Amino acid sequence: MGAPATAYDEKKETCGTVCLKYLLFTFNFLFWLAGGVVMAVGIWTLVEKSDYISLLSSATYAASAYILILAGAIVMVTGVLGCCATFKEQRRLLRVYFVLLLCIFLLEILAGVLAYIYYQQLNEELKQNLRETMVQKYRQPEQEHVTKAVDKLQHEFKCCGSNSSSDWGESVWIRTSEADGRLVPDSCCKTQTLNCGRRDHPSNIYKVEGGCITKLENFILDHLKIIGAVGVGIACVQVGSTTGSGSNHGGTFSITTEGPTINHSHQQAFPTVQPKPLPCLLVYSQ
C-alpha cells in the first residue's frame, strides 16, 4: 500500500512544481516585455529628439532617457536570467534575480522623479537660455549642432525666434557679413529658398505668438509626461509582479482532497493509504 501512495504523491508534487514554474516563467516574460518598452522609450527620446536636447542647458532631460535605457536593458537581461533560474530550480540565482529587480525598480522611479522635477522647472529654463542660445551660438564655429537644432525647430514648428522674429536682430551671425543681408535665418521662411530671410514680412516668414519657446516647451512637456509615466508605471507593475512571484516561490505545496490531507514536508504523519484519484487542488502554505 505504501508504494502506490508514494507514486501518487510524487505525481501530485510534479503537478504543483510545473504550475509554479510556468507561473514564474510568465512573470519573467512580462518583465522582459516591460524592459523592452522602457528601453525603447529611452532610445526614442535620444535618437528622435536629440537635436532639441542641444538647446537645453540642463542635462536632466537626457539623463532621464539614459536611465530608462539602462533600466530597460537590465530588465531584459534579468528576465532571461529569471527564466533560466526558474527552470533550473536554482534558489540562489533567483535571490540574485529579485535583488536586481529591486535595483531596476529604483532606477525607473529615479527616471520618473527626474522627469517630474524637470517638468516643473522647464519654463524658467527656456526663458533664460533659449533666446541666448539662438542669438549667440547660431552659425558660430563649433556650434553646428545648435545651428541644426534651431533650423529644425523653426522649420518643423513653423516659428521664428525665441519669443518673436525680432529676437534675430540681436544675433551675432545676423550682424556679420556672412548673413548676406538676411534679417532672419532662411529656416524662418514659409517657403525656404536661398536668402529668403532678407524679407521679414509676415507674408514671407512665420509670425507666431509666443515664438518658438512656447512650441518647444509644449513639445518637451509632452515627452516628459511619457518618460515619467513609463518609468513610474512600469516600475509599479514590476513590484506587483515581483511580490506575487516571490511569495509563490517561498513556501511549500500541499495537496487537498476530500480525504486526508497529505503534506509533502510531513508525509510520515499520515497513514500510507492510497487516496482516491480525485482532482487535485494546490494549496499554498508557508
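These numbers come from a predicted model, not from an experiment.
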### Summary
Quick note, disulfide (SG to SG under 2.5 Å) partners involving residues 120-171, not counting sequence neighbours, are Cys159-Cys212, Cys160-Cys188
### Message
According to a hydrophobic-cluster definition based on side-chain heavy atoms being under 4.5 Å apart (Ile, Leu, Val, Met, Phe, Trp, Tyr only), do Leu55 and Leu126 belong together?
### Response
yes
### Task
Please indicate whether Tyr66 has more than 12 foreign heavy atoms, meaning atoms of other residues, nucleotides or ligands, lying under 6.0 Å from its OH.
no
### Query
Do the side chains of Leu33 and Trp44 join up, straight or via other hydrophobic residues, at under 4.5 Å, putting them in one cluster?
yes
#### Entry: Separation between CG of Leu216 and CD of Glu156, rounded to the nearest 0.5 Å
11.0 Å
### Query
Mind checking whether Asp186 and Thr193 have side chains closer than 4.5 Å, heavy atoms only?
no
### Task
State whether the side chain of Asp222 and the backbone N or O of Phe219 hold a donor-acceptor pair below 3.5 Å, judged by distance alone.
no
### Task
Write down the atom of Ile174, the atom of Ala179, and the distance for their closest heavy-atom approach.
O-CB, 3.6 Å
### Task
Under the side chain to side chain contact (heavy atoms under 4.5 Å, CB included) rule, what do Arg182 and Trp173 come out as? Steps first, then yes or no, please.
CA-CA 10 Å; Arg182 293 181 179 87; Trp173 174 70; 3.6 Å; yes
### Task
Keeping to residues at least two apart or across chains, list the salt bridge (Lys or Arg N to Asp or Glu O under 4.0 Å) pairs with something in residues 198-208.
Asp180-Arg198
#### Entry: Minimum-distance pair of heavy atoms, taken over all atoms of Gln154 and Trp168
OE1-NE1, 3.0 Å
### Summary
Going by chain and number, the hydrophobic cluster around Val208 (ILVMFWY, side chain to side chain under 4.5 Å) further includes Tyr206
### Task
Any ring pair (Phe, Tyr, Trp, His ring centres under 6.0 Å) involving residues 175-204? Give me the pairs, sequence neighbours left out, ordered by first then second residue.
none
### Task
Identify whether Phe157 and Val135 are in the same connected component of the hydrophobic contact network (ILVMFWY, side-chain heavy atoms under 4.5 Å).
no
### Message
Tell me the closest heavy-atom pair linking Ser165 and Ile205, and the distance in Å.
### Response
CB-CD1, 3.9 Å
### Message
With side-chain hydrogen bond (donor to acceptor under 3.5 Å, both in side chains) as the rule and sequence neighbours excluded, what pairs involving residues 133-148 come up?
### Response
Tyr138-Asp151
### Task
Taking atom NZ of Lys158 as the centre, report whether more than 12 heavy atoms of other residues, nucleotides or ligands fall under 6.0 Å from it.
no
### Task
For Glu170, check side chain to side chain donor-acceptor pair (under 3.5 Å) against everything at least two apart and list the hits.
Arg131
### Query
How many angstroms lie between CD in Glu132 and OG in Ser162, if you round to the nearest 0.5 Å?
11.0 Å
### Query
Do Ile117 and Leu106 share a hydrophobic cluster, counting only Ile, Leu, Val, Met, Phe, Trp and Tyr and linking them when any side-chain heavy atoms are less than 4.5 Å apart?
yes
### Query
Same cluster for Phe29 and Val77 if Ile/Leu/Val/Met/Phe/Trp/Tyr side chains link at under 4.5 Å?
no
## Note on the structure
For Val172 and Thr176 the tightest heavy-atom approach is O-CG2, 3.1 Å
### Query
Can you tell me how far the CG atom of Leu130 sits from the CD1 atom of Ile213, to the nearest 0.5 Å?
5.5 Å
